[in-house]
Number of protein chains: 2
Amino acid sequence: MLTERQLYILKAIVDDYITNAEPVGSRTISKREDISFSPATIRNEMSDLEELGFLEKPHSSAGRIPSQKGYRYYVDHLLSPSILTKKDVSEIRSQLAVQFHESEQVIQQSAKMLSQLTSYTSIVLGPEVFESKLQQLQMIPISGEQAVVIIVTDSGHVESQTVQFPESVASADVEKVVNILNEKLRGVPIYQLQQKLSQEIAAVLKKYVSKYEVMIHTLKDIFSDQQQEKVYYGGKTNILSQPEFNDVERVRNILNLFEEDAVISKHLRSEDQGLTIRIGEENEFKPFDDLTIVTATYTLEGKYIGTLGILGPTRMEYPRVISLMEYFSKDMSKLLNKKQRD
Amino acid sequence: MLTERQLYILKAIVDDYITNAEPVGSRTISKREDISFSPATIRNEMSDLEELGFLEKPHSSAGRIPSQKGYRYYVDHLLSPSILTKKDVSEIRSQLAVQFHESEQVIQQSAKMLSQLTSYTSIVLGPEVFESKLQQLQMIPISGEQAVVIIVTDSGHVESQTVQFPESVASADVEKVVNILNEKLRGVPIYQLQQKLSQEIAAVLKKYVSKYEVMIHTLKDIFSDQQQEKVYYGGKTNILSQPEFNDVERVRNILNLFEEDAVISKHLRSEDQGLTIRIGEENEFKPFDDLTIVTATYTLEGKYIGTLGILGPTRMEYPRVISLMEYFSKDMSKLLNKKQRD
DNA sequence: GTTAGCACTCTTCCCTTACGAGTGCTAAAT
DNA sequence: ATTTAGCACTCGTAAGGGAAGAGTGCTAAC
């Protein structure tokens, strides 16, 4: 329903505003080499675009800026995919070429690079342990009723948790349980532990161990904790260099949010696989309603593992961010898969 | 060498500037009930105090503000120790009354409260494990030459690290070493591990294990890593609410610093036991040269464990901060000692 | 359908002015 | 010898008033 020319002008305005952060006037557009219309014509078109809701004016005698709807249209239909420069690619390559001990480092490093390359803030969600498999489970008594449960994965990651056992549980039984678990569960992916526990293990334990319900319950809790996603940040303060964040109070609110991992995690995750872009009020979370969040998922053998996220102003360099996100989500999946095979 | 009256006026000016963050004029001082001199007299005294370097003027027709030297004198000779209100004390009590599993939580919680109570930023240094004792050491092979070393303390804290062994080390030897270590080192405080290893254990291993040097070396590295101090923050963004931080660029620099734990740790630690106050350029670290840092140490059985720190503007509520720091450094020592006995 | 022209609107910048807070000095009072 | 009143002076800030510049929207001509 928009004419070719309107599309063209809309795109030009968004592009210009993204780079300059200032309202765009008709003259600026008409000066572009690839445009052959007079400012007046462009003004008319702009006026129409405003009526349609794609543009807005900060005040009556300023140029136009894209509205949220304008950005949305731009993202959906107009943006020319940017090709990553050789410099970008080689930089990414070299920084991810390092040998990482743990997948956690891959994630951390990716978050850092994403923020460096975009100069926005990056937030990456990833499980602390995911497809890695149980290598060994240990229960070490500390004192009286307390014990530390330790989970070691085949990737060398260690998770621990202190638990309380009621006195009624015999320590011989605990030992028995640990042995059974190690025997039955070694090599099982962490994310399946909980499920296997209820399905197969419960029956076995029932046979050999009294008071097995208490232990099953405790173990279930431990295993479910392992599935929570951790939040990694890159360039927390990058966002402060954007002109729209020149207000200390506003900055404070956002930075405080970054301390609440649970909240961030909840509002960053997207239901869809693949790339998601939420512009301004498309974010249901109030504090983000004048920001854009771009997320992408990364996978291992085709299954969801975690989420990459970029947080920036609605006036975001969409083309660049999108290509970077696509590149990274693929690359991380690749890296993790490679690690997996090692 | 300063007269009584000069002292009085200096104190009044600092007190006033600390609360109002605005240059203090002679009239303001003379209006105080406890002062019976005319503004003119006070002006003369102020002029003298300025000549002596205790005060300065932002510009010729403004009131005076304390110079760095002024604050220093105030802190050393003038400040009236503030008594914590009952409300403060009861709040601290109630929040630290919770049962903590690990000393790490005590530290974290203290950092949080210090920042809440002062509305500055608090930074606490503490070892991840310190006086707690080795409960069990484990070495779990992962693949080929890699193994995970796990250290469990009697407080239930778990530390782990992935290590590489040269192929030449036989796995039977590894097992032997672990057994010996557990036998000899159980109950030894973490901070003594390194020392004991060289002194007692080396000799024993020499007898039973071939290639023991490699293992000793690896173990030493692991144990020494355990002694590094961790950095805990409270209220990272509190400092933004101070009027002197109304500049986003400045804020950005400081917040970026907070990401560099090693740097912060290095410049926060003070050589002295007890309370230390570094005002403005007394901090050798440039980025802090217009801030004040107050540190205090906390101890366990008289030995240094870690450092509490408060970071704020030079115009800091010294009396309050000092009493809080004293209270906390005592209280934390107490809490940790109590935990120790449990 | 396009564009030149022009009046109109707003913002921004700069200048001036007025005001207020505060100082520093002098001369008088204590 | 101190203290203080008085007053001129300095400087920052707030308010007001153009003037300039950017940009629009409309009209009328191309």
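In what follows, chains carry the letters A, B, and so on, assigned in the order in which the sequence lines appear, proteins first and then strands, with residues in each chain numbered from 1.
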On the nucleotide [N], are OP1 or OP2 found under 4.0 Å from the side-chain N or O atoms that [X] carries?
X       : N      : result
B:Ser26 : C:dT23 : yes
A:Thr41 : C:dT3  : yes
B:Lys57 : C:dG24 : yes

In this structure, how many angstroms lie between the [atom2] atom of [N] and the [atom1] atom of [X], rounded?
X       : N      : atom1 : atom2 : value
A:Arg27 : C:dT3  : CZ    : P     : 15 Å
B:Glu22 : D:dG12 : CD    : C1'   : 12 Å
A:Lys31 : C:dT3  : NZ    : P     : 17 Å
A:Ile42 : C:dT2  : CD1   : P     : 11 Å
B:Glu45 : D:dT4  : CD    : P     : 11 Å
A:Glu50 : D:dG23 : CD    : P     : 15 Å
B:Arg5  : D:dT2  : CZ    : P     : 10 Å
B:Phe37 : D:dA5  : CZ    : P     : 13 Å

- If you take atom types as modelled and just measure distance, does the side chain of B:Arg64 reach the base of C:dG24 with a donor-acceptor pair under 3.5 Å? no

- Item | Donor-acceptor pair under 3.5 Å, B:Ser61 side chain vs D:dT10 base | yes

- If you draw a 6.0 Å radius around CD in B:Glu22, do more than 12 non-hydrogen atoms from other residues or ligands fall strictly inside?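 12 or below, so no.
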
Out of [options], whichever nucleotide has its closest atom nearest the side chain of [X]:
X       : options               : value
A:Ser38 : C:dA4, D:dG25, D:dT24 : C:dA4
A:Arg43 : D:dC26, C:dA4, D:dA22 : D:dC26
B:Asn44 : C:dG22, D:dG23, D:dT4 : D:dT4
A:Ser47 : D:dG25, C:dG22, C:dA4 : D:dG25

- A:Phe245 six-ring face occupied by A:Arg250 cation (under 6.0 Å, within 45°):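 Pair A:Arg250/A:Phe245 counts as cation-pi.
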
- Honestly, is B:Lys236 close enough over B:Phe258, meaning NZ or CZ under 6.0 Å from the six-membered ring centre and within 45° of the axis? no

- Item | Salt-bridge contact A:Arg320-A:Asp88 (side-chain N to carboxylate O under 4.0 Å) | yes

- Message: Once you apply a heavy-atom cut-off of 4.0 Å, does A:Ala62 come out as touching a base, just sugar-phosphate, or nothing?
- Response: sugar-phosphate

- 5' priority, DNA chain D, between B:Ser36 and A:Gly63 [closest heavy atom]: B:Ser36

- Hey, is the main chain of B:Thr297 close enough, under 3.5 Å, to the side chain of B:Thr307 for a donor-acceptor pair?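 Not a single qualifying donor-acceptor pair exists.
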
